[in-house]
2 protein chains.
Amino acid sequence: MESRCENCIIRQFNALRAMSKEELKKVSDSKTTKKLKKGEPLFEEGEKLNGVYCVRSGVSKLSKLSANGKDQIVKLASKGEVIGQRSVIAEESANLSAVAVNDMEVCFIPKESITNTLQVNPDFTLEVLRHMAHDLREADDVIVNISQKTVKQRIAEAFLYLKNNFGEDEEGFLALTLSREDISNVVGTATESAIRIISDFKKQGLINASGKKLGIKNERKLQELVDGF
Amino acid sequence: MESRCENCIIRQFNALRAMSKEELKKVSDSKTTKKLKKGEPLFEEGEKLNGVYCVRSGVSKLSKLSANGKDQIVKLASKGEVIGQRSVIAEESANLSAVAVNDMEVCFIPKESITNTLQVNPDFTLEVLRHMAHDLREADDVIVNISQKTVKQRIAEAFLYLKNNFGEDEEGFLALTLSREDISNVVGTATESAIRIISDFKKQGLINASGKKLGIKNERKLQELVDGF
DNA sequence: GCTAAAACATGATAATTATCAGTTTACCAT
DNA sequence: ATGGTAAACTGATAATTATCATGTTTTAGC
């Protein structure tokens, strides 16, 4: 049996919490649940979206392909985040692709449930607006980082970001495991460059690595690196 | 005598057009007009904003200082654009500095006029949301460009951007004149690198330059450069 | 119009980063 | 458990970009 949005804890993390009982009921009646295996796409850039996706579990990378064939990851979305709302609101086709980084469970919410509410419930609209304001700030910060910091600094920062946003497991490894290629696509560099720097970090004792699993060993030093010594 | 928002053409370009007569009247009664000379700041990053600025004329650069002392320009805002709304909505201090690129005239609108309307007028809130969705898309695109394109490509793109967004004067020069340093801060590179590439473009006949004035000579070639030949 | 300051320009060099080519390792499906 | 495949790694080299030093031109203010 499908669970209802009304009882969904995830909702507390996003704008859906500002919906009225009735609005939420409509969403719940029209939503569908979808499971994705690691690597499967939610949607591709250029696609028309008929709704948004609310992440219940797992992580999705939002990325854009550039002319030289490399993907740039613009955002990692996890539990509670709503994917695709920018495109739905702007009534544009998707600017980014969304692909599952690990196994995911998402709810698909048809766009009508969202757009109707946007037109009549200012609480909801304002809440969505606040989330988007936050995303915009983050995007601005990424622009500054990517253009003013070295690859080494950006990779150090990525490690700290992964720890702060996705936490660590019992053994102290980062809870979100990204491939070296994904890391390079987050920081915007060649995969080989990322690999080399990660190896360096390991040799210097800043991080530890066991296969794909990566862990932070010396957070202070990493932070110093980010800040430019 | 001060002009009234109700009669202001500029308003058509931004979310204020979705305000009701009464709301607009309040804005008009509480707004103040301000003139800025080239180089003067509207606000600095970290500052608390008590309202937003609506640009009547001139252009402002929104930038952020990085640890290495270089400014990164994140956006150029001109006629009709509202500056500072992201910070006001998120109830954060300013993430960016806003400085006049040329002489400007702006209206300052106290934040209460905005936030009150946001809470009760979904048309207005949605309109602001749409504008922010647009800004977010642009920011995402900048991230991809800056990390995946060469400096040469980004400078070529900047020229095309300046033409498309600010137009040309009677003599075919770009209507918005930026210093080489500002250009380097837009594309995220060292000033010397920008200067060198601009000189190159001139030698190759892609652009022409007379002092600070810059003009596009061969738009097709520039576009080919951006697209990677 | 003159002058100081700012902006622009160029060369030499160093540092960073990408690319290519190849090897080793880890992981998944059978 | 094992073979095939993708990911991780390494070295050599090239390309891009930053930095520093210095000279020249332009601009803005008096």
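Each chain gets a letter, A, B and so on, in the order the sequences are listed, and its residues count up from 1.
- In this structure, NZ on K31(B) lies 6.5 Å from CZ on R4(B), to the nearest 0.5 angstrom.
- Electrostatic pairing of E219(B) and K163(B) counts as a salt bridge here, judged by a charged N lying under 4.0 Å from a carboxylate O.
- The distance from atom CD1 of I146(A) to atom C1' of dT16(C) is 16 Å, rounded to the nearest whole Å.
- Heavy-atom distances under 4.0 Å link DNA chain C to E192(B), I195(B), R196(B), S199(B) of residues 191-199 of chain B, given in residue order.
- Contact check on E192(A) versus R196(A) returns no salt bridge, with no Lys/Arg side-chain nitrogen under 4.0 Å from an Asp/Glu carboxylate oxygen.
- In this structure K79(B) satisfies the side chain to side chain donor-acceptor pair (under 3.5 Å) test with no other residue, sequence neighbours excluded.
- When the C1' atom of dT16(D) is taken as reference, atom CG of N68(A) falls 14 Å away, rounded to whole Å.
- A distance of 7.0 Å separates CG of L162(A) from CG of L76(A), quoted to the nearest 0.5 Å.
- Between F201(B) atom CZ and dA9(C) atom C1' there is a gap of 16 Å when expressed in whole angstrom units.
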Quick one: what's the B/S/- string for nucleotides 24-29 of chain C, heavy-atom cutoff under 4.0 Å, read 5' to 3'? ------
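- Atom CG in N185(A) sits about 12 Å away from atom P in dA7(D), given to the nearest Å.
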Table please: side-chain donor-acceptor pairs of residues 135-142 of chain B below 3.5 Å, with sequence neighbours left out.
unit_1	atom_1	unit_2	atom_2	d
D135(B)	OD1	K75(B)	NZ	3.4
R137(B)	NH1	E92(A)	OE1	3.0
R137(B)	NH2	N95(A)	OD1	3.2
D141(B)	OD1	K64(A)	NZ	2.8
D141(B)	OD1	N95(A)	ND2	3.1

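- Between the P atom of dA18(C) and the CD1 atom of I155(A) lies a distance of 9 Å, rounded to the nearest Å.
- With rounding to the nearest 0.5 angstrom, the CD1 atom of I183(A) is 5.5 Å from the CG atom of L214(A).
- In this structure, CG of D182(A) is placed 13 Å from C1' of dA6(D), rounded to the nearest angstrom.
- Rounded to the nearest 0.5 angstrom, L49(B) CG and S87(B) OG are separated by 5.0 Å.
- Regarding E181(B), its CD atom lies at a distance of 14 Å from the C1' atom of dA5(C), rounded to whole Å.
- Comparing dT19(C), dT17(D), dC8(C) by their closest approach to the side chain of R180(B) singles out dC8(C).
- Atom OG in S184(B) sits 11.0 Å away from atom CZ in R180(B) (nearest 0.5 Å).
- Atom NZ in K70(B) sits about 15 Å away from atom C1' in dC20(D), given to the nearest Å.
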Contacts under 3.5 angstrom, residues 198-212 of chain A side chains, donor-acceptor by atom type, not counting sequence neighbours:
unit_1	atom_1	unit_2	atom_2	d
S199(A)	OG	I195(A)	O	3.0
K202(A)	NZ	A209(A)	O	3.2

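- Counting all heavy atoms, side chain and backbone alike, C5(B) lies closest to R11(B) at O-NE, 3.1 Å.
- Along DNA chain C, the nucleotide nearest K202(B) and the nucleotide nearest V151(A) are compared for position; the residue whose nucleotide lies closer to the 5' end is K202(B).
- From one end of the helix from dG1(C)-dC30(D) to dT30(C)-dA1(D) to the other, with five pairs defining each end axis, the axis direction shifts by 60° (rounded to 10°).
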